[in-house]
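The block underneath contains the structure these notes are about, expressed in structure tokens.
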Amino acid sequence: YANWTASTHKVTFDLGYSPAPTAPAAKTVNYGSYVRSAFPSPAPERAGYTFDGWYFHQGANGETHIKVKDTDRVTDDVTLYAHWVSSNSVRLEVEGGELPAGTPSTINVSKELPYPTLPTPTRKGYSFQGWFTHATEGVQITSGQAVGDAIPVALYARWAARTFTVSFDFNGASGSREPKVYTYGS
């Protein structure tokens with residue numbers, strides 16, 4: 001019987017700007033592997049920009065950007081180029097709550113890209129209602145929503161106090177047996 005071994009190919013990464021920090025290390029993968037299996041983790045970061053993914057072409061001199069798709073496979077050595085979109089930093093104001101451990105208190109957003117995945121903060125006795133462009137009014141913002149031209153300086157967590165129903169058992173004594181509804185903090 002013949003014993004076959006898949007050929008290997010090198011996937012190299014270029015951050016696409018200068019001066020740039022050291023690019024992620026090249027990876028060697030088997031022929032036919034999904035290109036995404038070679039992606040470095042975590043994704044690269046750049047001040048003032050949002051990382052928009054890895055592309056097959058840099059896009060210089062009129063070239064078309066060709067973004068790596070989930071179905072693309074390695075068939076030869078390839079260089080992937082980071083694609084950056086200018087972005088603004090938006091503060092996440094938790095309004096008495098807490099962000100999940102390790103979650104930064106800012107997100108980067110760009111007019112060209114949708115909002116990134118937004119964290120879900122917690123607050124004792126309250127239910128999180130979403131992120132809004134103003135503390136008391138404003139428009140609700142959700143993950144994946146188009147950013148649009150007006151980028152907010154901050155997003156504000158909106159909370160609703162939880163209610164609790166207390167039922168009474170007088171154990172044979174007299175009194176009102178109607179349950180009472182209480183709001184947390186009142």
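If you're wondering where the values come from, they're calculated on a predicted model, not measured in any experiment.
A single hydrophobic cluster is seen to contain both Val68 and Ile66, as judged by linkage of ILVMFWY side chains at heavy-atom distances under 4.5 Å, directly or through other members. Cluster membership check: Tyr34 does not share its hydrophobic cluster with Tyr31, using side-chain heavy-atom separations under 4.5 Å among Ile, Leu, Val, Met, Phe, Trp and Tyr. Under the 4.5 Å side-chain contact rule for hydrophobic residues, Phe128 and Leu118 share a cluster. Residues Phe132 and Leu155 are members of separate hydrophobic clusters, defined by side-chain heavy-atom contacts under 4.5 angstrom among Ile, Leu, Val, Met, Phe, Trp and Tyr.
To the nearest 0.5 Å, the span separating CG on Leu99 from CD on Glu93 amounts to 10.0 Å. Expressed to the nearest 0.5 Å, how far CH2 of Trp131 lies from OG1 of Thr142 amounts to 13.5 Å. Here the CD1-CG distance, from Ile151 to Asn108, works out to 10.0 Å after rounding to the nearest 0.5 Å. With rounding to the nearest 0.5 angstrom, the OH atom of Tyr115 is 6.5 Å from the CD1 atom of Ile107. From Thr28, atom OG1 reaches atom NE2 of His9 across 10.5 Å, with rounding to the nearest 0.5 Å. Note that the CG atom of Asn30 and the OG1 atom of Thr8 stand 7.0 Å from one another [nearest 0.5 Å].
Tyr17 and Ala20 get closest at one heavy-atom pair: O-CB, 3.0 Å. Nearest heavy-atom pair, Thr122 versus Trp159, reported as atom, atom and distance to 0.1 Å: C-CH2, 3.5 Å. In terms of heavy atoms, Gln129 sits closest to Ala160 at NE2-CB, 3.6 Å. The shortest heavy-atom contact between Phe56 and Val78 is CD2-CG2, 3.9 Å. Closest heavy-atom contact between Pro100 and Pro119: CD-CB, 4.1 Å. The two residues Pro44 and Leu15 come nearest to each other via the heavy atoms CB-CD2, 3.8 Å.
Judged by distance alone, the side chain of Ser127 and the main-chain N or O of Arg162 form no donor-acceptor pair under 3.5 Å. The backbone N or O of Ala161 sits nowhere less than 3.5 Å from a side-chain atom of Arg123 that would complete a donor-acceptor pair. Lys67 places a side-chain N or O within donor-acceptor distance of the main-chain N or O of Asp52, the cut-off being under 3.5 Å.
Annotation: cation-pi pair Arg46/Phe51 absent, no NZ/CZ under 6.0 Å from the ring centroid and within 45° of its normal.
Under 3.5 Å, the side chains of Ser87 and Ser110 contain no donor-acceptor pair of N or O atoms.
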TODO: Run the numbers on Tyr55 and Leu80 for side-chain contact (heavy atoms from CB on, under 4.5 Å), then give the verdict.
DONE: CA-CA 5 Å; Tyr55 284 67; Leu80 301 178; over 6 Å; no
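Under the 4.5 Å side-chain criterion, counting only non-hydrogen atoms from C-beta, Val90 is not in contact with Val153. Side-chain contact between Val29 and Val11 is present, with heavy atoms from C-beta onward closer than 4.5 Å. Two residues are said to be in side-chain contact when any heavy atoms from C-beta on lie closer than 4.5 Å; Tyr81 and Thr79 meet this criterion. Counting heavy atoms from C-beta on, the side chains of Asp149 and Lys111 come closer than 4.5 Å. Using a 4.5 Å heavy-atom cutoff, the side chains of Thr133 and Ile141 are in contact.
In the hydrophobic clustering (ILVMFWY side chains linked at under 4.5 Å, chained through shared members), Leu113 is joined by Val85.
By the 30° and 60° cut-offs, the orientation of the rings of Phe164 relative to Tyr184 is tilted. Taking the six-membered ring where the residue is Trp, Tyr49 and Trp84 present perpendicular rings, their angle passing 60° and hence far from 30°.
Classification of Arg36 and Asp72 as a salt-bridged pair fails, no side-chain N sitting under 4.0 Å from a carboxylate O.
Around atom CD of Glu98, no more than 12 heavy atoms belonging to other residues, nucleotides or ligands sit under 6.0 Å away.
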